[in-house]
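This report refers to the structure that appears directly beneath it.
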Amino acid sequence: MSFPNLQTFEYLNEEHHMIQQAARDFAQKEVAPIAAEFDESGEFPLATIRKMGQMGFMGIEMPEEYGGAGMDTMAYVLALEEICKADASHGTIMSVNNSLYCYGILKYGTEAQKQNFITPVASGEKVGAYSLTEPMSGSDAGTMRSRAVRDGDFYVLNGRKSWVTSGPVAELIVVFMMTNPEQGHRGVSAFLVDADTPGFSRGKKEPKLGIRASATSEINFEDCRIPVENRLGEEGEGFKIAMSVLDAGRIGIATQALGIAEAAYAASVEYVREREAFGKKIGQFQGISFKLADMKTRIEAARGLIHRAALAKTRAKQTGERYTLEASMAKLFASEMAMFVTHEAVQIHGGMGYSKELPVERYFRDAKITEIYEGTSEIQRLVISRLETGLR
Ligand code: CAA
C-alpha cells in the first residue's frame, strides 16, 4: 500500500478541515475554560458532553440515519485530537462513545439494535459505555467470571465489572459475559444493557490520578434479565467483538495521547520564549531547545502512525481486513510519546510545571492512563510481536 504524503496532509479533504476547525473552535471556547475546574472537582461534564453530541462529535462515523455525522475515521481522529488538546477527560468520554460503544454496534448489531442503541448515543442524548474488565480479569480478558445464562427469551446476567469509563452515568452499556465457561474465550458473548433494567447497579466511583472528570466505576449485575434480542452478535462471538472494537478504541486513545502532548508542547514553546534565566530566554539554551526538538519530532511521528491507522480502518470498512497492527502501533507509540512529552514539559516549566496554576501538571497526570487503558503498553507489544512473528 502506498501512503499519502504525510508532510502536506494532502489526503485531508474539505470535510476533514471543516470538522477539525469546528472541533478546535468548540474545544477552545467551551472545553478549555472549564477543564481545570472539572479536573479539580472530578464532576462529570454532562452539559458540554450534551453540546458535543449536538455538534455531531459523539457519533462521527455513524450514519446519519442512526443520529451520527456520517463521516470517516480521519474526521473522527481530527476532531478528537482538538477536544483532547483542551481536555483529555472530555476526550475519553467522546472516544468511548464513538469507538468502544457505537462502532461495535454498527459492525455487529441488527437493524433494531442500531436504531435503539446507536441513535441515542450518537446524537448525544445518552452516554454509552463498554464493559469488559473485571476485578480479576484485566489484560487477560478471556478469563472473565461474570455469567449470562439463557432463560427462555431472556438472558440472566450476574457479575461484577470494573474500570468502566462513564460507568457512574452511562445509560446504555455494551457488556461482555461468559455464556459458556468451558469454552474459554470462545464462551464469551456480548450484550446491550439499558441501565434502567432491574438488577443493574453502579459501584463506587474510582478516585483517579488523571482524567478525573471522566467518571469511572464498577457496575454490578444481580439477576439482571435482558431480552435475547439484546445479545450483540452470536453466542460465543463476544471475545472477537471485544477485540475488534478495541482495535477501533486504540486509535482513539492514541489520538487522545497526541492531543495531550500537543497541548503540553504548545505550552512549553510559549514558556521558553518568555522565561529568562542567566540573561537569556531559556529557549536559547541548547539543553532546553533540544528537548523541544525531541518533543516535536515524536509528536509528528505519532501523528503519522495515527493517520496511517485511521486510513487502514477506513479501508477495512470495504475490505473487511483487520487493522490491529496499525492500531496497536499507534497506541503504543503515541501513549509513550505523551508520557515523554508531558514529562519534559513539566521539567521545562520547573516549579511552574508542578503548580496547579498552569495546566502542565494536568497534562502529565492525564497522559499516564493512555499507557494503561484499552490495553497496556505491554499488551500492545504482545499484539504487535505476535502479529509480526506468528509466534506465541
Ligand atoms: N480482532 C478480531 N479478532 C481477534 C482480535 C482482533 N483484534 N484479536 C484476537 N482475536 C481473536 C483471535 O483470532 C482468536 O480467535 P479464535 O478463537 O478463533 O482462535 C481469539 O480472538 C483469541 O485471541 P488470542 O488467542 O490472541 O487471545 P489471548 O487470550 O491470547 O488474548 C490479548 C489476547 C491481546 C492479550 C487480549 O486479551 C487483550 O487485548 N487484552 C487486553 C484487554 C484490554 O485491552 N482491556 C481494556 C478494556 S477497556 C478499558 O480499558 C476500559 C474503558 O472503559 C476504556
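A quick note: this is a predicted structure, and the numbers were derived from the prediction, not measured. In each ligand, atom 1 is the first atom listed, and ligand 1 is the first ligand listed. Side chains are part of it too, since the values below use all heavy atoms of this structure and drop only hydrogens, waters and symmetry mates. Just so you know, residue 1 is the first one in the sequence shown, and it goes up from there.
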For ligand 1, which atoms have a heavy atom of [X] less than 4.0 angstrom away?
X    : result
L246 : 43 (C), 44 (O)
L100 : 54 (C)
Y373 : 50 (O)
V383 : 34 (C)
T324 : 7 (N)

Between [X] and [Y], is there a side-chain N and carboxylate O pair less than 4.0 Å apart?
X    : Y    : value
K368 : E371 : yes
K51  : E30  : yes
K317 : D72  : no
R298 : E300 : no

>> As a test of the contact definition, would atom 11 (C) of ligand 1 count as having a protein heavy-atom neighbour under 4.0 Å?
In response: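 Given the 4.0 Å cut-off, atom 11 (C) of ligand 1 does not count as touching protein heavy atoms.
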
> Protein heavy atom under 4.0 angstrom of atom 32 (C) of ligand 1, is there one?
Replying inline: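 Flag for atom 32 (C) of ligand 1 set to false, no protein heavy atom closer than 4.0 Å.
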
> Which of parallel (below 30°), tilted (30 to 60°) and perpendicular (above 60°) describes H349 and Y271?
Replying inline: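 Rings of H349 and Y271: parallel, as their planes differ by under 30°.
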
> What class does the angle between the rings of F239 and H185 fall in, given that below 30° is parallel, 30 to 60° is tilted and above 60° is perpendicular?
Replying inline: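 Geometry flag for H185 against F239: tilted rings.
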
>> Contact between ligand 1 and G142 is defined here as a heavy atom of the residue under 4.0 Å from a ligand atom; is it met?
In response: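 Contact absent.
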
Write out the residue and atom name of the closest protein heavy atom to [atom], then the distance separating them to 0.1 Å.
atom                    : result
atom 50 (O) of ligand 1 : E374 N, 2.8 Å
atom 48 (S) of ligand 1 : Y130 CE2, 3.8 Å
atom 19 (O) of ligand 1 : R186 NH2, 3.0 Å
atom 15 (O) of ligand 1 : H185 NE2, 4.2 Å
atom 3 (N) of ligand 1  : K240 CG, 3.5 Å
atom 28 (P) of ligand 1 : R386 NH1, 4.2 Å
atom 39 (O) of ligand 1 : R250 NH2, 3.1 Å
atom 37 (O) of ligand 1 : S139 O, 3.3 Å

Give yes if a backbone or side-chain nitrogen or oxygen of [X] is under 3.5 Å from a nitrogen or oxygen of ligand 1, and no if not.
X    : answer
G375 : yes
D140 : no
T165 : yes

>> Are more than 12 heavy atoms, taken from residues, nucleotides or ligands other than H343, located less than 6.0 Å from that residue's NE2 atom?
In response: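 It does not: H343 NE2 has 12 such atoms or fewer within range.
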
>> Is there a side-chain contact between F57 and I19 in this structure, where contact means two heavy atoms from C-beta onward sitting under 4.5 Å apart?
In response: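 When only atoms from C-beta onward are counted, I19 and F57 do touch, with a gap below 4.5 Å.
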
>> Counting C-beta onward and ignoring hydrogens, is there a side-chain heavy-atom pair between L246 and L132 closer than 4.5 Å?
In response: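 The answer is yes; the side chains approach within 4.5 Å.
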
>> Please state which option from Q380, R392, R322, E378 has its nearest heavy atom closest to atom 6 (C) of ligand 1.
In response: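 The nearest heavy atom belongs to R322.
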
> Among D247, T216, T133, which one has a heavy atom closest to atom 7 (N) of ligand 1?
Replying inline: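 The residue whose heavy atom sits nearest atom 7 (N) of ligand 1 is D247.
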
>> Among D366, T92, T370, which residue satisfies the side-chain hydrogen bond (donor to acceptor under 3.5 Å, both in side chains) criterion with Q256?
In response: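 For Q256, the side-chain hydrogen bond (donor to acceptor under 3.5 Å, both in side chains) test succeeds with only one of D366, T92, T370, which is T92.
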
>> Applying the salt bridge (Lys or Arg N to Asp or Glu O under 4.0 Å) criterion to K313, which one of E326, E61, E321 satisfies it?
In response: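 Filter result, single survivor: E61.
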
>> Measuring centre to centre across the rings, with the benzene-like ring taken for any Trp, is Y101 within less than 6.0 Å of F117?
In response: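 For Y101 and F117, the ring centres are not under 6.0 Å apart.
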
>> For F191 and T179: C-alpha separation, side-chain torsions, deciding distance, then whether side-chain contact (heavy atoms from CB on, under 4.5 Å) applies.
In response: CA-CA 11 Å; F191 301 94; T179 39; 3.8 Å; yes

